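The figures that follow rest on heavy atoms only: side chains count, while hydrogens, waters and symmetry mates do not. Here the structure is a predicted model, which means the values were calculated and not measured. Naming: A, B, ... by sequence-line order, numbering from 1 per chain.
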Amino acid sequence: MKHAEKDVRKRGLREELRLTLRGLRLSRKLLPGFWSRRCLLLLADTVFPYYGLYFSALLVDELAGNCDVRRLLFLAACTVGGQLALNFFAQLLRRKVNMLDFMTFRATEMYLFDVQNGMQYEHLEDPDIVLLREKIHQQMNWGQGVPKLFYTLPSFLQTILNLLFAGSLTLSLLFRTAEGEFTGFAWFVNSPLSGLLFALLVALSAFCANRIAAGRTRGLVKVQEKRLRWSMTSQAMWSSISGADTRMFGMQKVILNALRRVNFTESFLKDEEKIRTRYGVWGLLLNTADTLAVFLYTAAKAFLGVFGIGSFLLYRGTVEKFVANVSGFTSCIGELRANNDALQRMFTFVDLPNEMYRGTLAVEKRDDLDYEIEFRDVGFRYPRTDAWALRHVSMKFRIGDKLAIVGENGSGKTTFIKLLCRLYDPTEGKILLNGIDVTRYRPDEYLSLFSVVFQDFALFDFPLGEVVSSGVTYDREKAADCLRRAGMEEKLADLEELAKEKGTEALDFAVGREYIRTGTDFSGGEKQKIALARALYKDAPFVILDEPTAALDPVAEAAVYEHFNRIAQDKTSVFISHRLSSCRFCDSIAVFDRGNLVQRGTHDELAADPSGKYYALWNAQAKYYRKEE
Amino acid sequence: MTKKKKQSVRKPKYGLFSSVGYIYRLLWKYERTLAFAGVFTVPLSLALAAFALYTPSAVLAALEQAGTFSPVALVICGILLSKLLVDLLNNVVQQRLQSASFRVMNRLNYLYTEKRMDMDWHLHLDPEVGRLEERAVNTVRNSDLAGVNFPIIFANVVSTVLQFFLFGTVVSLLNPIIILLLAAGSVVVTLMGLWELKQRRKWQDEVNVTYRKINYLSFTISQTFRFAKDIRLYQMRPALRERSGQVVSQQYREQRRNSLYGLCTAVVSFLVAAVRDGGAYVYLIYRAAQGGMDASTFLLYFSAITSMAGLMGNVLNTYYRVVDGWYEISDFREYLELPDESNRGEGVPVPRRPFSVEFRHVSYRYPQGEKKVLDDVSFAVAPGEKIALVGINGAGKTTLTLLLCGFLRPNEGEVLLDGLPVNAYNRDELIGAFGLVPQDYHLLPLSIACNIAATEDEGEIDAEKLDRCIELAGLREKIDSLPNGVKTSLNRTLDPAGVELSGGETQKLLLARLLYKDPPCLLLDEPTAALDPLAEDRMYRRYREIASHATSVFISHRLASTRFCDRILLLDGARIAESGTHDELMAAGGKYRELFDVQSKYYREEMETDETR
């Protein structure tokens, strides 16, 4: 995994700050209203303990001193009443903050989903980027990245507030001295020198706390990275767990083995436990040293009579708090820096350049749909491969043309489609729309020209109508109409009947059951029809169908050919099909072989050339239908 | 979705004791350290509580009495260093326990996955099972599962009771009535908490529904790039964004409702605390005013009273967690112990040779299906016979194959294999007798060879057989073009040298996988849909060889395939409408002829034009 490391670079202080701030800005965008409430809550949480400390110190002082009952009762009432009010106020804030907090993980995941949806397609087929995405997901699962900011930043701010509060009192203590002559140890305690020594100790402790926090986080992340590969393998298998073929070929064993490796490999758990225990011990040692120093120092001062015995509690509490917050401050910095590794990875992903978005031209909206597309000596190699998937392809087609593309598996047909709808840009040569290089158009404008059914089309498990319309709100009439035109008439009628029983509507049945438990399973052929309906709904000037009838029965197949012929009258359509009968509806046929365009012509022309590829393909299939024995 | 419907509180299937027993059995089996957590945690937490109670007042007392500073320093060092020892021990124990509960959570996750892949396949289709599964997932995904921590919780109860005595003795020195008052306060808070729990539980299933959606959006589809092309071409980004927003705000609303109950409980508990502290102050001040109470004693008593209250809150919290854990564990167990309907015990030996298949009056309707997919279907297939199964989309062809191999179970009638009903055979042994080329396929992120042999152990693979299958499936050319041959991975993320197969190549791979298994009964569901005409032709010509010693069912919309089968069955209107050879059915002039004519029209038209030319 050599490329695993390059997504985390060394960073200077400025860069660290920039990353954290950018993460903060993002988190504000993801959960608006969170930070203002969080800060208020923080303030409440910070003031609250001092309130208690302060009044109970007054109480004890009063008890040790005058012991005036009225004053004591007054102080008690202040303590209890104030605490009640503060608690109530804090709880109101906390409720809201907790609710928002609950959403952080999902909100961030959905943000990333949105980012990847706007990303240049090519990136998503790049193994390095897929791996990066996987790592980002992994680190999120372990609470790193943006979700961590929601926890760490508030405690960071809190330590700062605490430092301000406790700092002033502590400082005054450091240099506060008792009246009188002291010698030896007592002199030292009473002189500012002891304060200086104490301050030095605090600084040392802060340094250690920082190292401990950063070390712990990084150590745990390292263990996670070691198992990354295995957890990715296990995750890649997850989609297979309900498959019928998974059962039939006994693949459960493999899936369970992978899961066992991730979950039960002893060394991982042991390593993790070791790291947690080790840094836990360091933390405790540091903590005890701190407490010890604070206790001794404040007790010594109290002993000398610098302040009253009642105030001893207040001072000890405050100084302990101060020291704890100095360590907290530095360990937050340590955690934030370690967390910046995760943020850096995420922003690397977010910032991936989108080369497609260089174009600025709007596509001319033409009522006569007079578009012309030309491939000019186009060649294409998939990234990281040496072989040409397509080479020297030149062709032109005008609006209204019906083009069929045929060829063996792997001859470059699907690649041609991918270039045509700009999922990739050509490695060499140009594609022109109305004489202008397509890279000069805005990609969203350009994409709106195409209705495509890919061979490996994917349908979401959303309600049927929303799948057909690719939207959340849609024209129900039109969606139902498109489904009927795609050959779903009968099925739709059945669904409507069922819907009546259940008091819902046919278009609200989900496709599959992953999104909504009570969804409907559609057969392979039906899904293909849904995909066709989706293409019809989009109603774009170019209709591209890559194996649209592979799963359709002969009747539905014929209907699609004839139907598309009808609806595509004024549209340009490109058919890829292994059922060559479809070619008969097309004005021209392009035959691909090993990445080259080898033949172009009408069916009659090509079928008459026995030396050509088309002749072989056609006859391999047609012979079964021709003779009646 | 009827949202306003009144939600009722459900009872867990298993009782509290039964659930506790269940989790202890699990712990005993997998994680004994956790089962005995209490032995370590009780003394440690007691010791820590004692330190917290006595440290400030001890130091204060030392300060008040000391003539020199050394005894004060000695007291401070003594207390803190011994506390350090307890802390260190506690740290080790806590980390140990955390790892242990991690392991148990992982184990639950594993058991859940195992069950999901082990239970009868048809149960996945049952929405009621789906609901149970959602609940089980709710248990498994809860990283702070109370049930797993039962031992720790129970240990907490013990240590809380003991701490009660610790603080209780201090307080009852003062006045035993205080304890009663404290208890009364806690009862109020507890009742409030129970009410909250009940309210939350009411909405659990609805929350699960939203969770399923959120999970689908933020995990299932965002973790794969399978949808990337469609998202781009249909410009779904804004719609997906809108949908995520809707689902998130739905979840937010549910959260808000739940947290409102929490707010009520919190407010009540604050009021109780205020009354408690106020009362304690008044009483202590009254005692102090009477004399006989110095500052350090006042402090000791006051912190004892508040600690007592804290402990009662603790007991309450424990109660919540126990109830939570009880529901979760019961749900988990209910799913895990869901009974199968098939024969999981002893079965008749499964035939290794081609066997006969018979459907007797079989009817089937999918759970929630709108109508019967098969209605009173009867037919028989002789051993070794090659059947072509045709029909329009949605006619029930795939369903029929799934019924045939026992993956689905008929509502009426029965399926006989080799003359015996499906249930006569052990389910898992029976699966060994079938091979399938599915439409909806699943491959492993492993090498091509491993996928064909359906194993992860390359050493297990019979290289010669593998070669033969690759050859027969027509995958040879592709394999030879790969630098790593059959060792090439199918996952490009895990292995940068991996390869993504095209639709046609994948279909050849699926065929090779079937051939490698070499079962006595083959089910081929559209095995040529993505093949080019030349590959399709090759497959037909080799079909006799492929299915040479097996009973086979070949589903295809390319009717040319029927020529290579012994008999054609045509499904129409949920029944076997026609049965016979190609010539017989063509002569009969029924639905089959209609289908064949539709398909061959364009091929034959050419003949006609050729002829007319």
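Using bins of under 30°, 30° to 60° and over 60° for the plane-to-plane angle, the ring pair Tyr603(B)/Trp618(A) lands in the tilted bin. Ring geometry, Phe219(B) versus His137(A): the interplanar angle falls from 30° to 60°, so the pair is classed tilted.
Side chain of Arg247(A) to main chain of Met117(B): a donor-acceptor pair is present (N/O by atom type, distance under 3.5 Å, no hydrogens or angles). A donor-acceptor pair under 3.5 Å is formed between the side chain of Arg229(A) and the backbone N or O of Leu494(B).
For Arg260(A) and Tyr110(B), the side-chain atoms include at least one donor-acceptor pair closer than 3.5 Å. Between the side chains of His578(A) and Asp532(B), no donor-acceptor pair is found at a separation under 3.5 Å. Side-chain atoms of Gln95(B) and Thr277(A) include no donor-acceptor pair closer than 3.5 Å. A donor atom on one side chain and an acceptor atom on the other are not found under 3.5 Å apart for Arg106(A) and Ser244(B).
The minimum heavy-atom distance between Asn409(A) and Ala530(B), with the atom names listed, is ND2-O, 3.0 Å. Ala560(B) approaches Tyr625(A) most closely through the heavy-atom pair N-OH, 3.4 Å. Of all the heavy atoms in Leu296(A) and Phe69(B), the pair that sits closest is O-CZ, 3.6 Å.
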For a ring-ring contact (aromatic ring centres under 6.0 Å, His included) check, start with the C-alpha distance between Tyr624(A) and Tyr540(B), then their side-chain angles and the critical distance, and finish with the verdict.
CA-CA 10 Å; Tyr624(A) 294 109; Tyr540(B) 292 155; 5.4 Å; yes
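Within the 4.5 Å cutoff, no side-chain heavy atoms of Phe270(B) are placed close to those of Gln83(A).
Interface remark: of the candidates Phe522(A), Phe88(A), Phe264(A), Phe264(A) forms the most heavy-atom pairs closer than 4.5 Å to chain B. With respect to chain A, the highest number of heavy-atom pairs below 4.5 Å among Val390(B), Ile431(B), Leu402(B) belongs to Ile431(B). Chain B forms more heavy-atom pairs under 4.5 Å with one residue of Met99(A), Met103(A), Arg517(A), Gln252(A) than with any other, namely Arg517(A). Each of Cys405(B), Ala288(B), Gly435(B) has some count of heavy-atom pairs under 4.5 Å with chain A, and the biggest count is that of Gly435(B).
Checking each of Lys529(A), Glu490(A), Lys491(A) against Asn393(B) for a side-chain contact (heavy atoms from CB on, under 4.5 Å) leaves exactly one that passes, namely Lys529(A).
The residues Asp245(A) and Arg513(B) are annotated as salt-bridged, a charged nitrogen and a carboxylate oxygen being separated by less than 4.0 angstrom. A salt bridge is absent between Glu514(A) and Arg212(B): the closest approach of a Lys/Arg side-chain nitrogen to an acidic carboxylate oxygen does not fall below 4.0 angstrom.
Only the backbone of Asp440(B) comes within contact range of chain A, with heavy atoms under 4.5 Å apart. With a 4.5 angstrom heavy-atom cutoff, Gln246(B) touches chain A only via side-chain atoms.
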